[in-house]
Amino acid sequence: MASSKDRQRKLARAKLDRQMARRAAGLRRRRRIQAGVGAAAALVLIVVGSFWALGGFDRDPGEEQAGPPQVCTWTPQNAANNPSLKEVGTPSATDVPTTGTRPMTVTTNQGAPITVDLDLTNAPCAGASFAHLAGQGFFDNTTCHEITDEGALLCGDHSGTGAGGPSYTFFNENVPPLVSESPAPDAPPLYPAGTVALMGTPPGANGSQFLIFFQDYTTAEPMYPIVGRVTSGQDVVDTIGKMETVDNGLGAKVKPATDVLIQSLTVGEVTTAPPAPDLTDTPPATPPTASPSAAGQS
């Protein structure tokens, strides 16, 4: 029979074997973890190196996502809550011509068409808005609902109430500067006859309503952004300005007694001003030489 010392030795040996086995298993786990970490680090280095080689660090990632800069800001209006507004979407905010002019033709039932040059240099967003609305027939078969005290014909409200417009507004452009309380007697008017301007409701929130002045107008606090000039048909505007007016239903005697109907309003293509001649390559003028006959007479 084995002595107690032999049993103790066997138990100690078994315990040592178990400890050695656990240490070996732990060592194998650490080696596997280290190998995995090393492989992951190598993969990261490969990915970063490839990104660097392809120029990924050479530019701002935001540059690829940035689109063309916005020229105009169109503020949506809730047409569902205002029956005087008409849902028409919005014009482009980026693809907006910012130089030259654009012809606008207003055909009414009062005579020859009225043509206007829209000023795209000073009022590009107004030009974009007119083109957008005209393309949808927004102004067709609407009335010019007011002859204003400022001496202008007010048009562009499909509802005829003075509160109508599209389902967006945009900010002022090209408003004349404030004048002194005592302007010079020979100072030009801020709004000469033939000026086309916007009337926002409220001021600064422009939509579709526009003014065509039939007489000069100056004010100490200008608020109408100028968008163009009449190029033909001013006589028609002048004739309309002399019409009798009646109450507009709100107590103001400003409504034309005879309907002034816009049968159609169209906007043409952009026209750019011809470039100034380049004089840098012009050869110098050659002074005239005396003719043989003149030389013989001297």
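Residue numbers count from 1 along this sequence. Bear in mind that the values here come from a model prediction, so they are computed numbers and not experimental data.
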- [ ] Establish whether Tyr217 and Ile114 are linked, either directly or via other cluster members, by ILVMFWY side-chain heavy-atom contacts under 4.5 Å.
- [x] no
Open item on the list: Between Thr245 and Lys255, is there a side-chain heavy-atom distance shorter than 4.5 Å?
Closed with: no
Open item on the list: If only side-chain N and O atoms count, and only distance matters, is there a donor-acceptor pair under 3.5 Å linking Ser129 with Tyr168?
Closed with: yes
- [ ] Scan side-chain atoms only and decide if Thr271 and Arg102 contain a donor-acceptor pair under the 3.5 Å cut-off.
- [x] no
TODO: For the pair Leu265 and Phe210, evaluate side chain to side chain contact (heavy atoms under 4.5 Å, CB included) and give the outcome as yes or no after the intermediate values.
DONE: CA-CA 12 Å; Leu265 186 152; Phe210 62 97; 3.9 Å; yes
Task: Asp259 side chain to Asn109 side chain, donor-acceptor N/O pair below 3.5 angstrom - done: no
TODO: Quick one: closest heavy-atom pair of Pro188 and Thr218, and the distance?
DONE: O-OG1, 4.5 Å
- [ ] Could you check if a side-chain atom of Thr169 sits within less than 4.5 angstrom of a side-chain atom of Asn206, using non-hydrogen atoms only?
- [x] no
Open item on the list: Quick check: is Ile226 connected to Phe130 through a chain of hydrophobic side chains (ILVMFWY, heavy atoms under 4.5 Å apart)?
Closed with: no
Open item on the list: Within the 3.5 Å criterion, strictly below it, is a donor on Gln110 or Thr239 matched to an acceptor on the partner's side chain?
Closed with: no
- [ ] For the residue pair Leu154 and Ile147, establish whether any side-chain heavy-atom pair is separated by less than 4.5 Å.
- [x] no
TODO: Consider only side-chain heavy atoms of I, L, V, M, F, W and Y, link residues closer than 4.5 Å, and tell whether Val254 and Met243 are in one cluster.
DONE: no
- [ ] Test Leu133 against Phe139 for side chain to side chain contact (heavy atoms under 4.5 Å, CB included), laying out the working first.
- [x] CA-CA 7 Å; Leu133 295 175; Phe139 300 100; 3.6 Å; yes
Open item on the list: Checking side-chain polar atoms at under 3.5 Å, does Ser232 have a donor or acceptor matched by the opposite partner on Thr115?
Closed with: yes
TODO: Check the side chains of Gln263 and Thr107 for a donor-acceptor pair under 3.5 angstrom, ignoring hydrogens and angles.
DONE: no
Task: Short side-chain to backbone donor-acceptor contact, Gln209 and Gly162, under 3.5 Å - done: yes
- [ ] Determine yes or no for a side-chain-to-main-chain donor-acceptor pair under 3.5 angstrom, with Asp117 supplying the side chain and Gly228 the backbone.
- [x] no
Open item on the list: Main chain of Leu178, side chain of Glu221: is a donor-acceptor contact present, judged purely on distance under 3.5 Å?
Closed with: no
- [ ] Would you mind reporting whether Glu173 and Cys125 have side-chain heavy atoms less than 4.5 Å apart?
- [x] yes
Task: Val106 vs Pro113 side-chain heavy atoms within contact, under 4.5 Å - done: no
TODO: If the plane angle is over 60° it's perpendicular, under 30° parallel, otherwise tilted; pick one for Phe138 and His158.
DONE: perpendicular
- [ ] Mark yes or no for whether Arg229, through its side chain, and Leu118, through its backbone, hold a donor-acceptor pair below 3.5 Å.
- [x] no
Open item on the list: Starting from Ile262, can I reach Leu211 by hopping between I/L/V/M/F/W/Y residues whose side chains sit under 4.5 Å apart?
Closed with: no
Task: Side-chain donor or acceptor of Asp157 paired with backbone N/O of Gly164 under 3.5 Å - done: yes
TODO: Check the angle between the aromatic planes of Tyr191 and Phe213 and answer parallel, tilted or perpendicular using the 30° and 60° thresholds.
DONE: parallel
